[in-house]
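Let me begin by presenting the structure, written as structure tokens, before commenting on it.
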There are 2 protein chains.
Amino acid sequence: MKVTIKDIAKKVNRSITTVSRALNGYDDVSSKTKALIIKTAQEMGYTPNTFAQRLQKQFTDTIGLILPTFSPRFADPYFSELLAGIGNKAATLDYDLLVSTRAPGEQEIEAYRKLIEGGRVDGFIVVRTRKQDARIDYLIDREFPFAAFGRSEKNSDYSYVEEDGYYGMQLIAEYIAGLGHKDIAVIISDPMLNFTGERMSGLRDGLSSHNISLKNEFIRTGDLTQKSGYDNALELLKRSDRPTVIIAFNDLMALGAMSAAQELSLEVGRDVLVTGFDDIPMSEHSHPPLTTVRQPVYTIGGMLCEMLIKIIKKEITTHQQELFKPALVIRQSTGEVDSLSEE
Amino acid sequence: MKVTIKDIAKKVNRSITTVSRALNGYDDVSSKTKALIIKTAQEMGYTPNTFAQRLQKQFTDTIGLILPTFSPRFADPYFSELLAGIGNKAATLDYDLLVSTRAPGEQEIEAYRKLIEGGRVDGFIVVRTRKQDARIDYLIDREFPFAAFGRSEKNSDYSYVEEDGYYGMQLIAEYIAGLGHKDIAVIISDPMLNFTGERMSGLRDGLSSHNISLKNEFIRTGDLTQKSGYDNALELLKRSDRPTVIIAFNDLMALGAMSAAQELSLEVGRDVLVTGFDDIPMSEHSHPPLTTVRQPVYTIGGMLCEMLIKIIKKEITTHQQELFKPALVIRQSTGEVDSLSEE
DNA sequence: GTTGAAAATCAAAACGTTTTGGTTTATACT
DNA sequence: AGTATAAACCAAAACGTTTTGATTTTCAAC
């Protein structure tokens, strides 16, 4: 049924060795037969059997990505975009991408081990790094190729890409302080995550240079979902001493916070300002459009992929470490004049 | 480095055949050695080499999914959710999911062919079926296992799952007509897509039973993105005879339409009503929350996956065809009273 | 203590490639 | 014509499994 190298060999009356070598462009086969073989392969519709190839060459042309998520039903556009960035780059470089999801913990490391032992992948992309990151410790220990989206507190002796969260939050702080606000609430993310600390420091430092400090009651922890932004904002805004600004640690929570405000008939951008972090596509088309910090997730995904493949191919041996300077994107959720409705 | 069956064989002083058979639970190996072998395999951290297995058994435990999308950077939550549904079900059934994206056309079929010929996948899930669908024709012709999300005009002699788009749009039509509106605009999807026709008929029939007909100027075609919803709605709403209702063929376009309305200082739910289709997670938390038709995409993804695997394993031989009755979800974008702000 | 059947084990082939280490054939040089 | 060199080709091994078709061992029954 399926055409193998053997069928071609028989047809052109050569050994399978020659066919293989012709197809792989070795120069110890005459250009005449090489042409013939390639033409015949074409005609017969030959496609090499990937598994046989991978078994023989001892690599898999596959990179692994295990999304750390509690619910398998992650609808986070941030991850979709990252995934698209990684996946598309992988495809252009002729790599497969093997994706699965696993909640942080025991099972997670086991999943990494299985893929490595089973010879399933050549390397990993590790995302959403944590302060203490067992995945990174494990991979370093095993000396298995990987590239990470984000640093880790303990051990940063590996290749990574990250946005400068400290700087990003400083931008927000400067901007908000510049608008004269003082009653500022913040919805942060899980303190285990490495970027939470980064962003918090940036925010604190940025505000304190304007002599503003965050009240403890105005610091709430969300789980990066729209719902948690909504819930937290609702509680904040129902207080008699409600804040005039809500700074969320990602866009999804910011969007949730805007809904909460609108639910309470507050006008976002006037009665309360809201900012996010990430600049997911939706944030440009929300109402009002969201002021946020742009993190080029799609691009970062591509870079990570490229970086990892270079590591796998041993094209680079030193650790590559990229720290992006993110940019502030000012939109109407912080009160900028709406360019369309001129009133 | 990596533990193979051979290493185990040496350790327990048995042949590799015995080890293999023990590990696979055959009963022609004594329970004592079976136990020993399993224990040793555990201890040595053995994980079978997937590629060797797949080469030998002639199947791949992999299902293919080629997303038909023009831009590889698809951030459509609809697809994310479908993907999650398929992927998670596949994982629980011990199947891999091989995903790639390809724009409709020549290249698309070629991608299918490559995966089949290369023995990469055991079957496909085909999504977003078209009226004339070359993918389906090809797969039927090749007699290759597949399950589709949606029917096709020409040839529906295969296994599929679909929501009843005709019925869904009828629900919308009834509801809107019941509210007394007559100036109704609609943002439809590409007429090539099979569901476009279904939904359009449902809408037309539903409205005409209330003696309402759609004006041609009020019918616009979008590409299912938020931006196209925004653009189309903007044009519709700037007319002097602007419609009082905008019915979008998916949620993303509906959300875009809401932004456009708000941009023009129209209150959604009062000055103009907006409806969607799909009920993506975001629609519940938009402002105002979106009235739409619930399509359980996550579940459908899982069903498709299950269906396909049964076909692959030849557990079913007749074509399974499921048509979901979707449900109307009424929210504030069509003027329902907001339950929280009691005023 | 044979015998025969059942239980336990195994050697070898196969899956479709690539790679190794040749051998054969053609070509060029004395 | 003989030899060295280069060009073209190829048989066999290898990758790590599963499967086929034995062969060996055990043990009950005579």
Side-chain angles (χ1 to χ4, degrees), chain A residues 1-38 40-41 44-62 94 96 114-122, chain B residues 1-38 40-41 44-62 94 96 114-122:
Chain A
M1 189 83 229
K2 279 178 212 139
V3 188
T4 76
I5 225 175
K6 224 185 268 179
D7 301 325
I8 302 178
K10 205 173 294 169
K11 187 109 163 201
V12 301
N13 239 15
R14 291 291 132 86
S15 74
I16 61 166
T17 307
T18 304
V19 174
S20 170
R21 300 187 73 86
L23 258 18
N24 286 288
Y26 283 71
D27 57 2
D28 63 352
V29 27
S30 75
S31 49
K32 213 189 307 170
T33 52
K34 194 185 288 192
L36 173 66
I37 287 172
I38 289 173
T40 323
M44 299 177 75
Y46 168 74
T47 311
N49 179 304
T50 322
F51 299 123
Q53 280 182 324
R54 291 181 179 175
L55 178 58
Q56 159 61 30
K57 305 161 128 190
Q58 282 290 70
F59 47 80
T60 68
D61 289 338
T62 303
D94 273 318
D96 281 353
K114 269 239 174 78
L115 292 182
I116 296 178
E117 298 290 340
R120 286 295 278 116
V121 300
D122 293 338
Chain B
M1 190 81 229
K2 279 180 209 139
V3 188
T4 76
I5 224 174
K6 224 185 268 180
D7 302 325
I8 302 179
K10 205 173 297 169
K11 187 108 163 203
V12 301
N13 238 15
R14 290 292 132 85
S15 73
I16 60 165
T17 307
T18 304
V19 174
S20 169
R21 299 186 75 86
L23 257 18
N24 286 288
Y26 282 72
D27 57 2
D28 63 352
V29 26
S30 76
S31 48
K32 212 190 308 172
T33 52
K34 193 184 287 189
L36 174 66
I37 287 172
I38 291 175
T40 327
M44 299 178 75
Y46 168 73
T47 311
N49 180 303
T50 322
F51 300 122
Q53 280 182 325
R54 291 181 179 175
L55 176 59
Q56 159 61 29
K57 304 159 129 193
Q58 283 289 72
F59 46 81
T60 69
D61 289 338
T62 303
D94 274 317
D96 281 352
K114 269 238 174 80
L115 290 182
I116 296 179
E117 299 289 341
R120 285 296 278 115
V121 300
D122 293 337

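These figures come from a predicted structure and were not determined experimentally. Lettering of chains follows the sequences in order, A, B, ..., and the numbering in each one begins at 1.
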*For Arg14(B) and dT25(D), what is the distance between atoms CZ and P respectively, to the nearest whole Å?*
12 Å

*Base, sugar-phosphate, or nothing for Arg54(A), non-hydrogen atoms under 4.0 angstrom?*
nothing

_On DNA chain C, compare the nucleotides closest to Val29(B) and Leu55(B); which residue's is nearer the 5' end?_
Val29(B)

*Which part of the nucleic acid does Ser20(B) contact within heavy-atom distance under 4.0 Å: base, sugar-phosphate only, or nothing?*
base

*asked:* Heavy atoms from C-beta onward define the side chain here; which of dT17(D), dC15(C), dT17(C) lies closest to that of Gln58(B)?
replied: dC15(C)

*Determine, step by step, whether Arg21(A) and Asp28(A) satisfy the salt bridge (Lys or Arg N to Asp or Glu O under 4.0 Å) criterion, reporting the C-alpha distance in whole Å, the side-chain angles of both residues, the deciding distance to 0.1 Å, and the verdict.*
CA-CA 8 Å; Arg21(A) 300 187 73 86; Asp28(A) 63 352; 3.1 Å; yes

*Grab the CD-C1' distance between Gln56(A) and dT20(C) for me, whole Å please.*
10 Å

_Heavy-atom nearest nucleotide on DNA chain D for Phe51(B) versus Asp28(B): which residue maps closer to 5'?_
Phe51(B)

*With respect to the side chain of Thr17(B), which nucleotide from dT19(C), dT18(D), dT20(D) is positioned closest?*
dT20(D)

*Integer-rounded Å distance: dA12(C) P and Lys6(B) NZ*: 14 Å

*Select base, sugar-phosphate, or nothing to describe what Phe59(A) touches, counting heavy atoms under 4.0 Å on all strands.*
nothing

_With heavy-atom distances below 4.5 Å as the criterion, would you say the side chains of Tyr46(B) and Lys2(B) are in contact?_
no

*Begin with the C-alpha distance, continue with both residues' side-chain angles, and end with the deciding distance and a verdict on salt bridge (Lys or Arg N to Asp or Glu O under 4.0 Å) for Arg54(B) and Asp96(B).*
CA-CA 12 Å; Arg54(B) 291 181 179 175; Asp96(B) 281 352; 3.2 Å; yes

_Looking only at the side chain of Asn49(A) (C-beta and beyond, no hydrogens), which of the listed nucleotides dT18(C), dT17(D), dG16(C) gets closest?_
dG16(C)

_Closest-nucleotide ordering on DNA chain C, the 5'-leading residue of Ile5(A) and Arg21(A)_ = Ile5(A)

*Can a donor-acceptor pair be found between the side chains of Thr33(B) and Ser30(B) at a distance below 3.5 Å?*
yes

*Tell me which nucleotide among dT9(C), dG16(C), dC10(D) gets nearest to the side chain of Thr18(B).*
dT9(C)

